[in-house]
Every structure is written in structure tokens, then in C-alpha cells.
Colleague: 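Right, I'll just put the structure down here and ask away after.
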Amino acid sequence: MDSLPTHPHVAVSDLDPDNIGPSAGIGHLTPFLRLASMLAAPSNCCRVTMIIIRPTLSSAEANQISTFLSSHPHISPSEFHALPPEPSDPNTQDPFLLQYDAVSRSAHLLVHHLSNLSPPLSVVFSDLMLASGINTPLADLGVLNYTVITTSARFFSLIASLPHIRITKGESVAIPGVDPIQGEHVPPPMCNPDHVFTRILEINCRYLHKAKGVLLNSFDFFEPETISALQSGKVLPNLPPIFPVGPLTSFETKKGSTSISWLDNQPLSSVVFVSFGSRTSMSKDQIRELGEGLERSRMRFLWVIKTTVVDKEDKEELRELLGETFFEKIKERGLVVKQWVNQEEILAHSAIRGFLTHCGWNSVMEATQRGIPLLAWPLHGDQKVNAEVVEKAGLGVWERSWGWGGERLVKGEEIAVKIQEMMTSGKLMDSARRVGEQASKAWEIHGSSKKSFKTIIDMSRRYQES
Ligand code: UDP
């Protein structure tokens, strides 16, 4: 492979900051960084330009980008400045979603930016939210364009169907070839066609057929029926080829942090990791109940707290929030931090036994790679549909009665019971381990994700040569 003379010039175009719904931010950036790193690897020998869309809202995103670029000097960054967000929207205050909308509206300018890159591009990998603005012009320019999906195949089947279905509050959604999605698992904004969340998804999905292919960060074993229904045209007859290439491979970052040195001193397979991703905050009351739940569970834990949606605004003092007595009680067995941690490194640590997560799709994929059992606590956006996938695949347990984030105060005693269940179930541990083995297999030499990825690379090379 290395000896092939052609090096397709590939642009990886993230939507940053972004997202498909009220669970935005780094959740989209990370898969694009991983993809860029994979494409630029010596075995794939693509010349990669990473489109960095400015401005960034969170410090985490800005830091991730600069860490990535300094560890990948062979990838060229190209900055693109998006239009400013609309000053107000009657349906949402979510800064990430408003920014996402702004980037989506800037797509025509991005096409101009891409067409001026030198040498000319052969392939573009772009976020779903750019599809309506770039899929047709790039096809006309003769550039291969792949749309990258950063959520589960199951949630993708729902959003891809949006132009053809009407969602009614509380009613389950029937999608051909896919288990019905229960009404209470559909994100509430989707019941409002005028909500910016629904509007962006619906309009962009109308242009999916113009892409050369759709990349899914999932793998055959994890979502077999849905992936097969998408690939066979059952979900929608006019989707382009679907390539499941998950779990996307991680790239090397700086090692070492307080949380890791603390984990080094914990017994093997004894700690529950608690984190709700990059941009999900909980009410102070809910945080205190979660603290009580962790304390009552008697388990060791590493807990990452966020009290605001955008990290730069997070000024809360942990000791004031949880009280000195809490820290006294848990000092032998718990570590609470309010900072960015290296989640992948934590999940890979031998002291970790379970993960209490909101089911952001990157977190789910990272857990599959390690075969770590999950306690799903979906709070918004695609997370309940993702939690259905987690449960069905045997990776985790989910307490449905906890509802959407903020719907009700989940009490510490309820949380303690579920944490204990996740941390002590041998059956769950075994089935999660099986998922982990299959996630690795997907990337072995004849593995399903490896084959899909190779097809994309081969298509890009052939295209470059023609
Ligand atoms: N993450 C991390 N450290 C943190 C918080 C998050 O490394 O302190 C990473 C996590 O590993 C994942 C991503 O940020 O790759 C979060 O994406 P996900 O889709 O799980 O959730 P979102 O943040 O989009 O809600």
C-alpha cells in the first residue's frame, strides 16, 4: 500500500463547535480528529488538511485542536471563520446549538474555501450539518464527499427519516427494518419542526443522497440490525453506501494527570468512573444527590463534575457545592475533580470497573473499546436512543424512570442501587467484555470496520489516479 504513487489530498471538515442537538461541542470534534489521524497514518498515506472552524466556544475544544496539531505536524490546518450566530432564537438558548446553526449557514463560504485549497482536493469528509450547503457543489466540482455521522446508527436512522415522517409527542416512531423508537426516547425538540435542532437535521438529511458515502462511528456487532437495515436500503432507499468504521481509533496525547496517579493507587477493577461528557451540566441539587448516591454505594469512584454548559463559565467551588463533610466521608475512596481529564486514558486504566455516563456517543464507543460496563444516565439529545443500543448490546444497564435531565430529582438512594448493580454484576461484566472483544475484532485484518475503511481509502486512491 505504501508504495502506491498517489496520495489523495483529503480535507477533514469538522463542525466545531457543533452538534446534532442539545448535546454539542467536543462530541463532533473528536471523531473528526481521530479520522484525520487515521487517514494521515503512513499505511493510508493521504495528504490531510484539517479545516478548523472558528471561533471555538469551549476551552476544551481549543485545547484539543492545539494538542492535536502539535502531535500531528504532517496534517495542515486551514482556518475557516463561520458567520456569527443569530442573536436570538425563540426555541433555544443553547450556545452550541446556535453556533452549530451559524456554521451550517456558512457552508456556501466553506465550499469556496475548500475549492481554493492547493493542491486541489480529491476527497472531503464533512459533518452532517454541512450536507445541505456542500454536498451538491462538491459533487459538481467532482470532489468525493463523505458525510460523517457522530451518533449511533440507530439515532442516525431516526434523523435520516426526518424528511419523510412526522413525529408526534409521546408516540413511538416506526422506521422500516429498525426496532420502533419509543416516543419518550425521542428528544423533545424533535416534536417541534420549527426548533432549530429539528430544522437543521431535517434540511441536511435531504442532501445525504448527494454524498459519495456515509461514515458511521459504529460497528457491525454493536448495532447489527440497524446497520444492515441502513445498508440494504430498508430504512431509506436513496441513501448512499453506508460505511461503519467504528470505534474510530484514538490518537496519542499527552499522558499523566492527578486522576491517573490517584487511579494508580486503587485496587484492580474497583473504581466507578463518573462523567457526563464535555458539555452536560447538572443542577446543584442533582449533583448533591449524585454525591450521596456515590457515597451510599460504598464503591470507589472518580467523578468529573461540570456545573455549566460552557466550561469557561464554570466558577463553582467543589467544597462549597458538596460540603466539607462529604469530602471527609469519601476521602479514602473517592476523587472529585472539576477539570478536563483524559477520559480514554482513564477508561483504559486497570483500576476502572464501571462507567456512569450520559451516553454521549464518543463515550459509548470509548467504553466498547475497553469492554467497560456502563450505567447509562441519558440526559438529552440522542442519549436515550444511544442508551437503548448500549442496553441491547449488553454493554450496560439503564434506569428509564430517571427521565430526561432535569425532569425530576433522582435521589441518592436510587443512584446507589444502580451503581452497585453495575459494579457487582458478573453477567454484565462478561457481556461488556464480549463487546470489547468484538470492538477489537472489527479492526483486525478482516474485521468489518477495517474492511469499510479500506474500501474508502481504495476508492479515494482510484479516484486520484483516474
Ligand atoms: N472527554 C474527555 N475528558 C473530559 C470530558 C470529556 O476526554 O473531561 C471526552 C470523552 O472522552 C469523549 C468526548 O470528550 O471523547 C465527549 O463526547 P461524548 O460524545 O461522549 O459527549 P458530549 O461531550 O458530546 O456530550
Side-chain angles (χ1 to χ4, degrees), residues 14-35 37 56-65 67-68 94-97 99-100 127 129 148-152 155-156 187 217-218 246-260 273-282 302-311 314 335-349 352 355-370 372 374 376-387 389-390 395-396 405:
D14 167 42
L15 240 182
D16 164 38
D18 60 27
N19 206 353
I20 53 169
S23 61
I26 209 132
H28 278 223
L29 175 63
T30 301
F32 279 89
L33 297 181
R34 288 182 182 152
L35 193 55
S37 179
T56 43
L57 274 187
S58 69
S59 306
E61 286 160 297
N63 293 340
Q64 283 288 91
I65 291 168
T67 308
F68 176 82
D94 185 315
F96 288 95
L97 191 52
Q99 180 84 356
Y100 200 29
D127 193 283
M129 297 311 151
V148 180
I149 303 299
T150 53
T151 182
S152 54
F155 194 71
F156 172 61
N217 185 14
S218 190
L248 289 170
T249 315
S250 316
F251 53 88
E252 282 290 309
T253 48
K254 227 172 39 207
K255 302 247 180 239
S257 63
T258 332
S259 35
I260 294 300
F273 175 53
V274 183
S275 176
F276 299 93
S278 64
R279 48 141 314 178
T280 298
S281 64
M282 272 180 174
L302 168 54
W303 179 15
V304 186
I305 289 191
K306 272 180 67 63
T307 57
T308 56
V309 170
V310 180
D311 53 9
D314 204 336
L335 178 68
V336 189
V337 296
K338 199 168 74 68
Q339 70 200 45
W340 184 260
V341 297
N342 187 332
Q343 178 169 301
E344 289 197 275
E345 206 189 348
I346 289 172
L347 291 176
H349 199 286
I352 296 292
F355 181 15
L356 169 52
T357 170
H358 66 318
C359 286
W361 193 246
N362 292 295
S363 295
V364 171
M365 280 296 108
E366 287 158 18
T368 66
Q369 281 169 314
R370 315 285 175 204
I372 303 280
L374 302 184
W377 188 350
L379 296 161
H380 49 224
D382 56 350
Q383 296 158 14
K384 280 196 181 183
V385 175
N386 297 348
V389 176
V390 163
L395 185 66

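One-based numbering along the sequence shown. Each ligand, and each atom within it, is numbered from 1 in the order the structure gives.
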Colleague: Can you find an N/O atom of T30 closer than 3.5 Å to an N/O atom of ligand 1?
Modeller: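 No, T30 has no N/O under 3.5 Å of an N/O on ligand 1.
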Colleague: Does the N or O separation between N342 and ligand 1 drop below 3.5 Å for any pair?
Modeller: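 There is no such contact.
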Colleague: Taking N or O atoms only and a 3.5 Å limit, does V341 qualify as a polar contact for ligand 1?
Modeller: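 By distance alone, the answer is yes.
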Colleague: Could you list the atoms of ligand 1 found under 4.0 angstrom from a heavy atom of I26?
Modeller: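 By the 4.0 Å cutoff, the relevant atoms are 13 (C), 14 (O), 16 (C).
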Colleague: Check whether any side-chain heavy atom of F32 lies under 4.5 Å from a side-chain heavy atom of T150, and answer yes or no.
Modeller: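 Contact flag for F32/T150 side chains = yes.
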Colleague: Take W361 and I149, measure what side chain to side chain contact (heavy atoms under 4.5 Å, CB included) needs, and give me the verdict at the end.
Modeller: CA-CA 10 Å; W361 193 246; I149 303 299; over 6 Å; no
Colleague: For the side chain to side chain contact (heavy atoms under 4.5 Å, CB included) test, which of L35, N217, D127 pairs with V148?
Modeller: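 Exactly one candidate clears the test, L35.
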Colleague: Report yes if S363 has an N/O atom closer than 3.5 Å to an N/O atom of ligand 1; otherwise report no.
Modeller: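 Looking only at distances, the answer is yes, because the N/O contact criterion of under 3.5 Å is met.
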Colleague: With heavy atoms under 4.0 Å as the rule, classify the contact between W340 and ligand 1 as side chain, backbone, both or neither.
Modeller: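 Near ligand 1, W340 shows its backbone as well as its side chain.
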Colleague: Can you list the ligand 1 atoms lying under 4.0 Å from a non-hydrogen atom of W361?
Modeller: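 Answer for ligand 1: 19 (O).
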Colleague: Please report whether ligand 1 has a polar contact with H358, defined as an N or O pair separated by less than 3.5 Å (distance criterion only).
Modeller: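 N/O-N/O distance under 3.5 Å: yes.
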Colleague: Can you find a side-chain donor-acceptor pair between T30 and N362 that sits under 3.5 Å?
Modeller: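 N362 and T30 do not have a side-chain donor-acceptor pair below 3.5 Å.
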Colleague: Atoms of ligand 1 less than 4.0 Å from G360 heavy atoms?
Modeller: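 Heavy-atom distances to G360 below 4.0 Å select 18 (P), 19 (O), 20 (O), 21 (O).
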Colleague: With only distance considered, is E344 within less than 3.5 Å of ligand 1 through an N or O on each side?
Modeller: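 For ligand 1, there is no N or O atom that lies under 3.5 Å from one belonging to E344.
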Colleague: I need the minimum non-hydrogen distance between C359 and N386, along with the two atoms involved.
Modeller: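 Here C359 and N386 meet closest at O-ND2, 3.0 Å.
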Colleague: So do the side chains of L347 and Q369 get within less than 4.5 Å of each other, counting heavy atoms only?
Modeller: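 They are not in contact (no side-chain heavy atoms under 4.5 Å apart), so the answer is no.
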Colleague: Who are the side chain to side chain contact (heavy atoms under 4.5 Å, CB included) partners of S275, not counting sequence neighbours?
Modeller: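 If we apply the side chain to side chain contact (heavy atoms under 4.5 Å, CB included) test to S275, skipping adjacent residues, the hits are F273, V304, Q343, F355.
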